[in-house]
**Q** 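Quick one: structure below, then a few questions.
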Protein chains: 2
Amino acid sequence: MQRIRCIIQYDGTNYAGYQVQLNGNTVQEELEKVLTKMHKGRRIKVIASGRTDSGVHAIGQVIHFDTELTLPMENWKRALATMLPADITVTKAEPVSSDFHARYDTTGKEYRYFIWNSKEPNIFKRHYYYHIRKELDVPAMKDACRYIEGEHDFTSFCSPKSDVKGSKVRTIHQASVAQRGEELIFQFKGSGFLYNMVRIIVGTLLEVGHHEREPADIPFIIEKENREFAGNTAPPHGLFLWKVDYE
Amino acid sequence: MQRIRCIIQYDGTNYAGYQVQLNGNTVQEELEKVLTKMHKGRRIKVIASGRTDSGVHAIGQVIHFDTELTLPMENWKRALATMLPADITVTKAEPVSSDFHARYDTTGKEYRYFIWNSKEPNIFKRHYYYHIRKELDVPAMKDACRYIEGEHDFTSFCSPKSDVKGSKVRTIHQASVAQRGEELIFQFKGSGFLYNMVRIIVGTLLEVGHHEREPADIPFIIEKENREFAGNTAPPHGLFLWKVDYE
């Protein structure tokens with residue numbers, strides 16, 4: 001029995017998220033369908049670093065599964081990429097020890113969130129960028145980002161639908177926003193992220209960008225430990241799970 | 001009665017081309033549906049600079065139509081952009097004299113064709129770039145481009161399905177290819193283009209890039225005035241109608 005770790009990319013537009021659920025097809029189902037076919041009908045369970053919501057994309061999602069097949073390792077990537085639909089692909093496949101776990105062994109994650117900030121829509125970016133017509137105050141959002149960084153209890157930036165039972169303390173190593181013409185790119189690196197945390201942080205930072213809040217409101221929101229004090233949840237289609245870290 | 005000219009953009013992925021036809025929905029139908037609604041059911045006919053095939057995109061398609069409505073001009077663009085589906089938009093709307101004709105008055109067009117030249121697919125570009133895994137000889141394709149430029153009879157680069165009755169002589173002012181990392185961008189400017197002409201030229205240039213033909217084969221192909229001597233028709237999804245010129 002060999003455990004295999006893969007890095008996968010997916011365009012989340014046409015999926016009801018990563019994780020298998022009752023309604024709608026998911027990325028996990030597509031992966032398990034292909035692996036089950038390769039294993040002649042024996043069901044193969046795929047474990048990911050974490051779920052992503054409907055419409056959210058991934059550049060560096062990590063999964064693992066166990067197999068009894070003895071394919072040469074270079075064939076795994078090709079076989080999976082060929083059999084998967086055009087909006088999911090495998091960029092790396094490698095053997096790992098049988099105690100590796102894609103979910104429990106993560107030491108950190110990176111997310112990016114893309115904004116198209118222009119009076120004109122860009123129809124070719126509509127599934128991957130959140131379009132905001134009104135000009136945003138980028139320096140104010142940069143100031144606000146500094147208050148996100150560090151170790152905090154992020155209860156205020158966590159969906160009440162979260163099933164996290166324990167601590168909501170997380171460490172954000174980097175929170176930043178870069179402007180490149182009409183594109184804004186938010187980048188978040190941290191020890192871990194709560195349910196909807198990046199989208200609620202982005203929604204709150206955008207309110208700073210619209211001068212509806214001050215950068216210095218962020219520590220106040222954090223302190224409240226109450227979701228109602230933070231901003232709206234930004235829509236899913238601008239969000240990318242960019243990288244998952246392991247030891 | 002006022003004639004209005006619009007510049008429109010569309011993502012051709014989900015359309016059976018620009019022009020109304022029996023099977024599948026088209027960009028023209030979407031435009032006429034919205035205009036007919038704005039005119040309380042009176043059918044409004046839209047004329048474009050030319051048709052584009054299924055899967056082909058447009059950045060600068062030009063259309064015209066006549067209206068009896070007396071909307072302020074700045075409202076036309078917004079009203080149309082709001083009512084059209086998310087994959088079609090209007091970037092400019094302006095009044096023109098009643099003898100302007102979007103099709104007959106064109107003096108030239110520009111097309112671009114995008115290639116993703118990498119061993120790895122890019123799933124986020126899959127609807128807008130033609131993915132070619134094998135490395136292409138860009139200098140050889142640049143050499144071949146020089147033979148495309150100028151005034152030639154382009155019968156060899158015209159689909160036999162073309163309904164052009166007259167001359168197939170066209171002038172190509174610019175044929176070029178630029179490399180930007182894993183992206184290749186072909187650019188063609190000319191007095192006019194025959195049916196499938198850009199896609200057949202690209203398909204032939206790619207055969208040069210794969211060393212299946214020499215750059216100096218191009219004049220020979222042109223001289224034959226026979227479609228069978230040129231290369232395959234490149235797929236539609238890499239092609240963009242970029243700009244339409246008028247006096």
Side-chain angles (χ1 to χ4, degrees), chain A residues 6-15 18 27 30-31 52 55-61 74-75 77-93 112-114 116 118-131 133 182-183 185 235 237-242, chain B residues 6-15 18 27 30-31 52 55-61 74-75 77-93 112-114 116 118-131 133 182-183 185 235 237-242:
Chain A
C6 296
I7 300 179
I8 65 168
Q9 295 191 345
Y10 47 85
D11 176 339
T13 308
N14 297 318
Y15 293 99
Y18 173 80
V27 177
E30 296 293 341
L31 291 165
T52 55
V56 174
H57 317 290
I59 290 288
Q61 172 70 290
E74 61 271 27
N75 291 12
K77 189 186 131 180
R78 191 181 318 176
L80 289 169
T82 305
M83 292 174 77
L84 284 164
D87 49 8
I88 307 177
T89 195
V90 174
T91 60
K92 195 171 182 183
R112 295 193 188 179
Y113 194 99
F114 291 78
W116 181 250
S118 168
K119 274 182 204 149
E120 301 296 333
N122 184 324
I123 58 170
F124 301 101
K125 295 185 189 285
R126 71 192 188 282
H127 295 309
Y128 313 118
Y129 286 70
Y130 176 29
H131 180 210
R133 287 192 152 75
E182 290 158 307
E183 286 178 38
I185 303 150
H237 66 279
L239 183 61
F240 287 73
L241 171 56
W242 203 262
Chain B
C6 297
I7 300 179
I8 64 168
Q9 295 191 345
Y10 47 84
D11 176 339
T13 307
N14 297 319
Y15 293 100
Y18 173 80
V27 177
E30 296 292 341
L31 291 165
T52 56
V56 174
H57 315 291
I59 291 288
Q61 171 70 291
E74 61 270 27
N75 290 12
K77 190 187 130 179
R78 192 181 317 176
L80 288 169
T82 306
M83 292 174 76
L84 284 164
D87 49 9
I88 307 177
T89 194
V90 174
T91 61
K92 195 171 183 182
R112 295 194 188 178
Y113 195 99
F114 292 79
W116 181 250
S118 168
K119 274 181 205 150
E120 301 296 333
N122 183 323
I123 58 170
F124 300 101
K125 295 184 189 286
R126 72 192 187 284
H127 294 309
Y128 313 117
Y129 285 71
Y130 176 29
H131 180 210
R133 287 192 152 75
E182 290 159 307
E183 286 177 38
I185 303 150
H237 66 278
L239 184 60
F240 287 73
L241 171 55
W242 203 261

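If you're wondering where the values come from, they're calculated on a predicted model, not measured in any experiment. Computed over heavy atoms, backbone and side chain alike; hydrogens, waters and symmetry mates excluded.
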**Q** Checking heavy atoms, do the side chain of Q9(B), its backbone, both or neither come under 4.5 Å from chain A?
**A**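 Both parts, heavy atoms under 4.5 Å.
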
**Q** Out of the candidates D11(B), T13(B), D87(B), only one should pair with F124(A) under the side chain to side chain contact (heavy atoms under 4.5 Å, CB included) rule; please name it.
**A**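 Among D11(B), T13(B), D87(B), the one meeting side chain to side chain contact (heavy atoms under 4.5 Å, CB included) with F124(A) is D11(B).
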
**Q** When rounded to the nearest 0.5 angstrom, what distance separates CD1 in I123(B) from CD1 in I59(A)?
**A**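 One finds 7.0 Å between CD1 of I123(B) and CD1 of I59(A).
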
**Q** Hey, are E120(B) and K92(A) close enough for a salt bridge, meaning a charged N less than 4.0 Å from a carboxylate O?
**A**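 Between K92(A) and E120(B) there is no salt bridge, as every charged N stays at least 4.0 Å from the carboxylate O atoms.
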
